[in-house]
Participant: 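I have a structure I would like to understand better, so I am pasting it below and will then ask my questions one at a time.
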Amino acid sequence: ILTALAAGALILAGCTKTEVTEVSDSRAISFSNHVTNAVKSIDQLEDLTTFYVFGAHTNGQEVFSGNPVSHSNGECTYNPTRYWDDTKSAYKFAAYTDDNNTVSNVAFDYNSGHLKITDYTVDNSPTDGSDLLYAVGYNGTGYVFDGTAHSEVQLEFKHILSKVTFNFSKAADLNGVEIDVSNITINAINQGTFTGSTPSLGSQYGLDCWTNPGPKSDIAFANFSLSGSATEAESKNTQTRVFLPQDLGESSTAYSIVFTIKYSNTIKDDGTIDNEQKDQSKEFTCTIADTEDGNWNPGYSYTYTAEINSTNLEGLYPIVFTVDYDNWDEKNVNDIIIDNEKGQ
């Protein structure tokens, strides 16, 4: 098990390390990356700044062991510089980054040319910054390098977690009613083991890259308020988290999002606000229906949207979520309707 402990970074193409040395810089091992516009960190981090490289040649002789590569002012650096050995062949490389940080229990398997990340855990706190990316070294035609070619190591980073977003909005019939949403949780698997595989260029990794799932636990979202009128920004809220990729139908217990709504006053039968009844509070449990293939897949983004209005707030109709996907991938996802059961 190799654990990367240093910090560094990357994110432009054609970066090399230049330093005074008797070895020609043309033989320095350099990196480029092919992070597409769709591969973005989800927590307002604009640029990746660090990734960690593993690599070896000829029967597994180590060249990189989780070393950081950094980008600053247009130059990629790592230290000390490694050079291609003209007498060696079968170089293989793999890299990862977790919001520019290292993770525990990472090992490089030379035979497969891939990393294994054992018992990776997504933090349960709503402020978690996990955004695990993985890449395999590519030379333009394949994944094995000849030391005499002095090829640039191309890294196409891909998301290997699932991005899940819940959009809440308040309908016009609740104008004047302040809504507080709290205790938002989804009971889901948050630990598993990732094993890299040879990717198809431009595609995402499959769910079968994740094995050894841990037990389900409550994963929290942040509390929020909907205080504005329906046309105002304060009437909407977006909650985004990353989840471990998983089969939503794997457990006999349906996946659900649970949340508590506290609202400042109630709605009369004629649709007017009843200011005499203050601070009502109800718990809602909304079952998450399956996606098209029943999974949250690596590298995919799932967006659920619900409108809170006077009828579903009073329990007359369910709070309904629909689901869509953003442009991480071209896969089509059917709409998902989440049934609501009013709690106490």
Side-chain angles (χ1 to χ4, degrees), residues 124-128 162-190 216-230 232-243 246 248-249 251-269 271-275 277-291 294 296 302-324 333-344:
N124 283 356
S125 69
T127 57
D128 171 50
S162 302
K163 174 183 172 184
V164 181
T165 298
F166 283 86
N167 289 327
F168 292 84
S169 65
K170 186 174 68 171
D173 63 3
L174 291 179
N175 287 348
V177 178
E178 182 170 341
I179 293 174
D180 296 317
V181 184
S182 61
N183 303 322
I184 310 165
T185 60
I186 292 179
N187 193 249
I189 296 167
N190 75 326
K216 294 171 72 174
S217 60
D218 286 337
I219 300 176
F221 291 74
N223 299 339
F224 63 91
S225 297
L226 303 177
S227 57
S229 298
E232 298 174 329
E234 291 77 12
S235 70
K236 300 175 177 63
N237 183 270
T238 298
Q239 296 284 311
T240 299
R241 287 293 310 269
V242 292
F243 283 82
Q246 54 200 278
L248 298 178
S251 173
S252 59
T253 303
Y255 281 50
S256 300
I257 181 171
V258 179
F259 51 91
T260 298
I261 294 180
K262 181 179 179 181
Y263 48 106
S264 59
N265 32 48
T266 59
I267 308 297
K268 295 179 181 179
D269 291 339
T272 60
I273 298 173
D274 184 353
N275 291 308
Q277 297 191 45
K278 302 283 188 180
D279 297 333
Q280 303 296 304
S281 182
K282 295 178 181 178
E283 182 181 275
F284 293 82
T285 299
C286 299
T287 302
I288 300 176
D290 284 344
T291 59
W296 284 340
Y302 303 92
T303 300
Y304 300 85
T305 302
E307 180 185 71
I308 301 172
N309 55 50
S310 61
T311 56
N312 56 39
L313 188 60
E314 292 298 307
L316 300 178
Y317 291 93
I319 295 177
V320 177
F321 290 84
T322 58
V323 68
D324 203 349
V333 180
N334 292 333
D335 284 350
I336 297 176
I337 297 177
I338 302 181
D339 295 326
N340 173 74
E341 297 178 1
K342 188 177 68 173
Q344 299 299 317

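Quick caveat: nothing in here was measured; it's all calculated off a predicted structure.
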Participant: Among D180, L226, I308, which residue satisfies the side chain to side chain contact (heavy atoms under 4.5 Å, CB included) criterion with I261?
Facilitator: I308
Participant: Check whether any side-chain N or O of K236 sits under 3.5 Å from a backbone N or O of A230 as a donor-acceptor pair, and report yes or no.
Facilitator: yes
Participant: What is the minimum heavy-atom distance between A171 and N309, and which atoms define it?
Facilitator: CB-CB, 3.6 Å
Participant: Do the side chains of E283 and V258 get nearer than 4.5 Å, heavy atoms only?
Facilitator: yes
Participant: Could you report the tightest heavy-atom contact between S310 and D173, atom names first, then the distance?
Facilitator: OG-OD2, 2.7 Å
Participant: Looking at CD of E234 and OG of S225, how far apart are the two atoms once the value is rounded to the nearest 0.5 Å?
Facilitator: 11.0 Å
Participant: Among F168, F221, F166, which residue meets the ring-ring contact (aromatic ring centres under 6.0 Å, His included) test with F259?
Facilitator: F168
Participant: Is a side-chain N or O of N237 found less than 3.5 angstrom from the main chain of N223, in a donor-acceptor match?
Facilitator: no
Participant: Under 4.5 Å between any side-chain heavy atoms of L174 and I179, yes or no?
Facilitator: yes
Participant: With sequence neighbours left out, what residues match S169 under side-chain hydrogen bond (donor to acceptor under 3.5 Å, both in side chains)?
Facilitator: none
Participant: Any chance you could measure Q246, atom CD, to N190, atom CG, to the nearest 0.5 Å?
Facilitator: 8.5 Å
Participant: Between atom CD of Q239 and atom CG of N167, what is the distance when rounded to the nearest 0.5 Å?
Facilitator: 9.5 Å
Participant: Yes or no on side-chain contact (heavy atoms from CB on, under 4.5 Å) for F243 and I186, after CA distance, side-chain angles and deciding distance?
Facilitator: CA-CA 10 Å; F243 283 82; I186 292 179; 4.0 Å; yes
Participant: Does the K170 side chain pair with the main chain of G228, one donor and one acceptor, at a distance under 3.5 Å?
Facilitator: yes
Participant: With a 4.5 Å cut-off on side-chain heavy atoms, are I189 and Y255 touching?
Facilitator: yes
Participant: How would you list, by chain and number, every residue that makes a side chain to side chain contact (heavy atoms under 4.5 Å, CB included) with N183, sequence neighbours excluded?
Facilitator: T260
